[in-house]
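As structure tokens, the structure follows; a few thoughts come after it.
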Amino acid sequence: MKIMSRFKCYSITLRATPRLIAVVNIALQLPRFYSVEVSESRARPKASSSNHQDIVNEFSAYCYQKDLPNAMKALDSMHKHKLWADSVTYAELIKCCIARGAVKQGKQVHHHVFSNGYEPKTFLINTLVNMYVKFNLLDEAQVLFDRMLERNVVSWTTMIAAYSNSEHKYKALQMLIMMLRDGVRPNMYTYSSVLRASEEISTLKQLHCCIIKVGLELDVFVRSALIDVYCKWGEPKAALYIFDEMGTSDIVVWNSIIGGFSQNSDGDEALNLFIRMKRTGFWADQSTLTSVLRGCTGLALLELGRQVHVHVIKFDRDLVLNNALLDMYCKCGSLKDANAIFTRMVVKDVISWSTMVIGFAQNGYSRKAIDLFEAMRATGMKPNHITILGVLFACSHAGLVEDGQYYFESMKMDFGVDPGREHYGCMIDLLGRAGKLEEATKLIHEMKCEPDAVTWRTLLGACRVHCDMDLAEYAAKKVLSLDPRDAGTYTLLSNIYANSQRWDEAAKLRRLMRDRGIKKEPGCSWIEIDKQVHAFLLGDEAHPQINAIHQELSRVIRRLKEEGYVPDTNFVYQDLEGEQMENSLLYHSEKLAIAFGILRLPKGKTVRIRKNLRICGDCHVFAKLLAKMEERSIIIRDPIRYHHFHDGACSCGDYW
DNA sequence: CTAGGGTTAG
């Protein structure tokens, strides 16, 4: 049914499509059409003597041998004798300049082929335009393009592709319109380039319609561009529709769709598609593996990620792939593996360093994160805003107020990075957790960018840690004024009330939430065992082994109670939806998942859980005590922080 | 001479 309605959507748009110029919404910005002033072209003299022919031949030979220095000398000699070679030879030379980044030489060739009023063929000018594009000298490319006597589809496409990949995407669309006015028909090259230029989803849809109209939607390149761009606009389902409709596809198209889902945080669908791809008989390449790893990262599938790692070894020198692998181990809580990868990587870029800094920080190794950040600086690698976020995060995690303030204050001067919302957020968190709630509030008011809902919720979180009722109410009000439907805020505030035994207010808030129709995402925990992922919801009865799980849970709770564990009923609201049983606390999804892990995993093996909501205080105590009693580590990844429970303690230091 | 895929935060 979904597919039908999606299809319908397209055909409606198609029927409604007026003339292209009106369609693309930007006609008003069109510049005047080109006026061409060029000197008259004359036929080139052929090399008149054998001496002249020798000079040209020598030049050609150097061009085809890719001997740039000698070719340039020979070019000089031709220039003096007013001799010209043919276009293909020049094109070879220009290719050579592009490959070596030889801007100066390229310009000399440009000058030479236009000297003495001669007008090179369209083909050759196209080559030169392309050269300037490759040198990222778009203005020069444009000047050259503007003075062309004749522009063919390649000339236009070269410029359109250039602008599509630049900051001035609207220029690509303008040029498409001018191209059509000029009577030159865009081809598949043109459309697959211009698709990237859409700055609104409606533009993309209109271009899509044009493509269907001219019958180019069957082209593999156009399709993969469509798939890619729909995914970039957060519409992976539309992309999947296009994908499924294709008769043939190649590895790049598979990579587009798999990458599309993994970038839209749908690791599950990305992995399903990967399985389909393998069944179809394609071999994964670097790009596929990168996306698959990203899928594993999102789902915290360490075992699957490890299997992918085996295939990564084939592409040992691929930096992007190694970065994805590194991140997978970090996000799956396996810092030993991550560190091993990081140490082994021969080439590291700022992303590798950032990933590792953040990995240490999120997993509770604050000192290591800060040391690594300093090691990075020592190598001369320049941190970016994300690296700095990582080091601030590390400071806030460990309560290192002074270090945090030092990095925050020096970031602009030392690294040239202006603090953004996230950096302020880290500082608010740091000050707030350290109990400096006043300073945290002051910082919000001093922010250079507008505080958003997340900013205020950070403060609210700090209020919970320190039970500051008044500020909590103030912060919650701020969050809800910016994002009235934020379920987390209602829950957080109601938990703060519950913590202070203000049950009436807690209940009132729950009621308000219900009246406003705000639904909290149901708590869910996942555990990967033996190539299978098991999902648990609160009070879930659906699992085939649920009886054994309940038994195991009762057993460990009984033993923990003997050791002094008292269920903290303040958190009874955490996962509740409406009036539920009193002992619901004992059936929080993570407790079910942990019990299942203990049941199924060999003794001593780490239990790894991923969950979609923040962990509640009771489950946190439960996991700490259980890890000690069972003598095995438990790792729970919530959407923000990582909790490594080991021997009665947690890596988060009880702040989260 | 012009075209498609991958990595860090939130």
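Naming convention: chains lettered A, B, ... in sequence-line order (proteins, then strands); numbering from 1 in each chain.
Residue contacts shown for A/V133 are absent, as no nucleic acid heavy atom lies under 4.0 Å away. Here A/D250 lies in heavy-atom contact (under 4.0 Å) with a base. A/R294 comes within 4.0 angstrom of the backbone, heavy atoms only, and of no base. When heavy atoms are screened at a 4.0 angstrom cut-off, A/R196 is found touching the sugar-phosphate backbone but no base atom. Within 4.0 Å (heavy atoms only), A/I358 reaches sugar-phosphate atoms of the nucleic acid but no base atom. At a threshold of 4.0 angstrom between heavy atoms, the contacts of A/N152 with the nucleic acid are absent. Counting any heavy atom pair closer than 4.0 Å across all strands shown, A/V220 reaches a base atom. Using a 4.0 Å heavy-atom distance criterion, A/T157 is classed as a base contact.
Separation of atoms CD1 (A/I258) and CD (A/E269) is listed at 10.0 Å; rounding is to 0.5 Å. Atom-to-atom distance recorded for A/Q142:CD and A/Y132:OH is 14.0 Å, nearest 0.5 angstrom.
With no hydrogens or angles considered, no side-chain donor-acceptor pair links A/S198 and A/T203 at under 3.5 Å.
A/D327 places its CG atom 8 Å from the C1' atom of B/dT7, with the value rounded to the nearest Å. In this entry the distance linking CG of A/N165 with C1' of B/dT2 reads 12 Å, nearest Å. Atom CD1 of A/I351 and atom P of B/dG6 are 13 Å apart (whole Å). Counting to the nearest Å, the C1' atom of B/dT2 and the CG atom of A/L144 are 15 Å from each other. A/Q263 places its CD atom 13 Å from the P atom of B/dA9, with the value rounded to the nearest Å. Atom CG of A/D349 and atom C1' of B/dT7 are 8 Å apart (whole Å). Atom pair A/R317:CZ and B/dG6:P shows a separation of 22 Å (rounding to whole Å applied). Atom CG of A/N363 is separated from atom P of B/dT8 by 16 Å (rounded to the nearest Å).
Evaluation of atom-type donor-acceptor distances gives no pair under 3.5 Å for the side chain of A/T355 against the base of B/dT8. The base of B/dC1 does not come close enough to the side chain of A/N130 for any donor and acceptor atom to sit less than 3.5 Å apart. Not a single donor-acceptor contact under 3.5 angstrom links the side-chain atoms of A/D285 to the base of B/dG6.
Stacking of A/K382 on the aromatic ring of A/F415 is not recorded, the 6.0 Å distance cut-off and the 45° axial limit not both being met.
Taking only side-chain atoms of A/F221, from C-beta outward, the nucleotide of B/dA3, B/dC1, B/dA9 with the closest atom is B/dA3. For A/Q362, whose side chain is taken as the heavy atoms from C-beta onward, the closest listed nucleotide among B/dT2, B/dG10, B/dT8 is B/dG10. Comparing atom distances between the A/N187 side chain and each of B/dG6, B/dA9, B/dT2 picks out B/dT2 as nearest. Which of B/dA3, B/dG4, B/dT7 sits closest to the side chain of A/A324 comes down to B/dT7. The side chain of A/D228 has B/dG6 as its nearest neighbour among B/dA9, B/dG6, B/dT7. Nearest nucleotide to the side chain of A/S354, out of B/dG4, B/dG6, B/dT8: B/dT8. In the set B/dG4, B/dT8, B/dT2, the nucleotide with an atom closest to the side chain of A/V253 is B/dG4. Closest to the A/S224 side chain, of the nucleotides B/dT8, B/dG6, B/dG4, is B/dG4.
Close to B/dT2, at under 4.0 Å from its OP1 or OP2, lies no side-chain N or O of A/K95. Phosphate proximity of B/dT7 to A/K348: absent, as no side-chain N or O sits under 4.0 Å from OP1 or OP2.
Within the 4.5 Å cutoff, no side-chain heavy atoms of A/M178 are placed close to those of A/R151. Side-chain contact between A/M356 and A/N339 is present, with heavy atoms from C-beta onward closer than 4.5 Å.
At distances below 3.5 Å, at least one donor-acceptor pair connects side-chain atoms of A/R223 with backbone N or O atoms of A/E217.
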